[in-house]
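I have placed the structure first, in the form of structure tokens, so that the comments after it can refer back to it.
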Amino acid sequence: MRPAFKFMVSPFLPERLSRLDAIAHNIHWAWDHETIELFRRLDDKLWEETYHNPVRLLGAINQDRLRQLAHDEAFLAQYDRTCKRLDQYLAGEAWYHSAKPGEEQVIIAYFSAEFGLTECLPTYSGGLGVLAGDHLKAASDLGVPLV
């Protein structure tokens, strides 16, 4: 039987936690241990049940838990550090910008049949997919305009 409707569940985030959705949708979380721990702190059991997928976690978490965490000073301190780290990573001047000035319009295509970025995105089957994922991570760190 075909599904009648497809829909996406989006959490209602308290104002103080409003950036959680953006953090969950940026793959940077997958290699930043403090961000992983932040999502684990939201709900450790649900983190495991969602196979370490922060988007699914936010779609399934209890709203009362989010309201509680919006007033938890220790959680908020970690949340603020996580936001700051992501902002610094995104705003940082990477190698490519200094090595290739004036090439802001360049886009480099990288083709692979699989990309191993994180276990919750099963778009890989082995070593070559993991290697492709490592290339994407390195390109991101270096500021290479890879798509």
Side-chain angles (χ1 to χ4, degrees), residues 6-63 65-66 68-147:
K6 288 184 180 182
F7 60 94
M8 186 79 157
V9 176
S10 297
F12 175 76
L13 296 171
E15 179 74 25
R16 184 63 173 88
L17 302 177
S18 62
R19 294 192 59 198
L20 275 175
D21 191 58
I23 294 168
H25 280 88
N26 188 313
I27 198 66
H28 177 265
W29 69 263
W31 58 79
D32 185 78
H33 296 288
E34 186 162 6
T35 307
I36 292 169
E37 286 307 310
L38 180 79
F39 286 116
R40 184 183 304 281
R41 281 183 73 176
L42 285 170
D43 187 321
D44 188 46
K45 184 176 181 220
L46 192 56
W47 177 249
E48 295 300 325
E49 290 173 2
T50 60
Y51 302 103
H52 307 157
N53 184 327
V55 175
R56 286 186 63 203
L57 173 79
L58 291 177
I61 195 165
N62 184 298
Q63 290 298 136
R65 177 68 176 148
L66 291 173
Q68 175 191 20
L69 289 168
H71 300 291
D72 180 324
E73 292 303 319
F75 180 83
L76 292 174
Q78 185 175 8
Y79 169 77
D80 290 339
R81 284 191 309 272
T82 299
C83 291
K84 184 178 179 181
R85 287 165 60 96
L86 179 59
D87 291 342
Q88 288 172 338
Y89 182 81
L90 294 175
E93 182 80 10
W95 167 83
Y96 187 85
H97 303 295
S98 60
K100 303 287 185 178
E103 293 192 19
E104 291 83 19
Q105 302 301 318
V106 172
I107 297 175
I108 302 166
Y110 182 73
F111 296 94
S112 178
E114 52 186 82
F115 292 94
L117 299 172
T118 178
E119 62 189 7
C120 71
L121 299 172
T123 55
Y124 63 99
S125 62
L128 291 178
V130 173
L131 179 62
D134 290 346
H135 285 167
L136 292 180
K137 165 74 167 89
S140 178
D141 289 347
L142 292 171
V144 177
L146 197 69
V147 296

Worksheet item: Rounded to the nearest 0.5 Å, how far does CG of Leu58 lie from CG of Asn53?
Response: 9.0 Å
Worksheet, complete the sentence: Output for pair (His33 NE2, Glu37 CD), nearest 0.5 Å, gives 9.5 Å
Worksheet item: When you look at Ile23 and Leu86, which way does the side-chain contact (heavy atoms from CB on, under 4.5 Å) test go after all the steps?
Response: CA-CA 8 Å; Ile23 294 168; Leu86 179 59; 4.1 Å; yes
Item to complete: Look up atom CH2 in Trp95 and atom CG in Asp141, then write down how far apart they are to the nearest 0.5 Å.
Response: 13.0 Å
Discussion item. What I'd like to find out is whether the side chain of Asn26 reaches to under 4.5 Å of the side chain of Leu90, using heavy atoms alone.
Written reply: yes
Practice prompt. Go through the steps for Leu46 and Asn62 under the test side-chain contact (heavy atoms from CB on, under 4.5 Å), then give the verdict.
Written response: CA-CA 10 Å; Leu46 192 56; Asn62 184 298; over 6 Å; no
Worksheet entry | Gap between atom CG of Leu121 and atom CD of Glu119 - 0.5 Å precision | 10.0 Å
Worksheet item: So does Glu48 pair up with Lys45, basic N to acidic O under 4.0 Å?
Response: no
Fill in: Ionic contact status for Asp43 with Arg65, cut-off 4.0 Å
no
Item to complete: Give a yes or no on whether the backbone of Asp21 and the side-chain of His25 come within a donor-acceptor separation of less than 3.5 Å.
Response: yes
Practice prompt. First locate atom OG1 of Thr123, then atom CG of Leu117, and finally report the distance between them rounded to the nearest 0.5 Å.
Written response: 5.5 Å
Practice prompt. Identify the heavy atoms of Thr118 and Ala30 that sit nearest to each other, and give their distance.
Written response: CB-CB, 4.0 Å
Worksheet entry | Charged N-O contact under 4.0 Å between Asp80 and Arg16 | yes
Item to complete: Please round to the nearest 0.5 Å and tell me the distance separating atom OH of Tyr51 and atom CZ of Arg56.
Response: 7.5 Å
Worksheet item: Is any side-chain heavy atom of Ile108 less than 4.5 Å from a side-chain heavy atom of Val147?
Response: no
Discussion item. Does the plane of the ring in Trp31 sit parallel, tilted or perpendicular to the ring in His28? Use 30° and 60° as the thresholds.
Written reply: perpendicular
Fill in: Salt bridge Asp87-Arg19, side-chain N to carboxylate O under 4.0 Å
yes
Item to complete: Evaluate the side-chain proximity of Glu103 to Tyr96: yes if any heavy-atom separation is below 4.5 Å, no if none is.
Response: yes
Discussion item. Applying side-chain contact (heavy atoms from CB on, under 4.5 Å) to Leu20 and Phe39, what does each step give before you reach the verdict?
Written reply: CA-CA 9 Å; Leu20 275 175; Phe39 286 116; 4.1 Å; yes
Worksheet item: Does OH belonging to Tyr89 count more than 12 external heavy atoms closer than 6.0 Å?
Response: yes
Worksheet entry | Taking every non-hydrogen atom, the tightest pair across Tyr79 and Leu17 | OH-C, 3.3 Å
Worksheet item: At their closest point, which heavy atom of Tyr124 faces which heavy atom of Gly129, and how far apart are they?
Response: CB-CA, 4.0 Å
Worksheet, complete the sentence: Here the pair of heavy atoms bringing Ala70 nearest to Pro14 is CB-CB, 3.8 Å
Discussion item. Strictly distance-based, threshold 3.5 Å: is any side-chain N or O of Thr82 a donor or acceptor partner for the main-chain N or O of Gln78?
Written reply: yes
Worksheet item: Quick one: are Leu42 and Phe75 in side-chain contact, heavy atoms under 4.5 Å?
Response: yes
Worksheet item: Mind checking whether Trp29 and Trp47 have parallel, tilted or perpendicular rings, split at 30° and 60°?
Response: perpendicular
Discussion item. Whether the side chain of Glu114 engages the backbone of Leu128 through a donor-acceptor N/O pair (distance < 3.5 Å, no angle test) should be reported.
Written reply: no
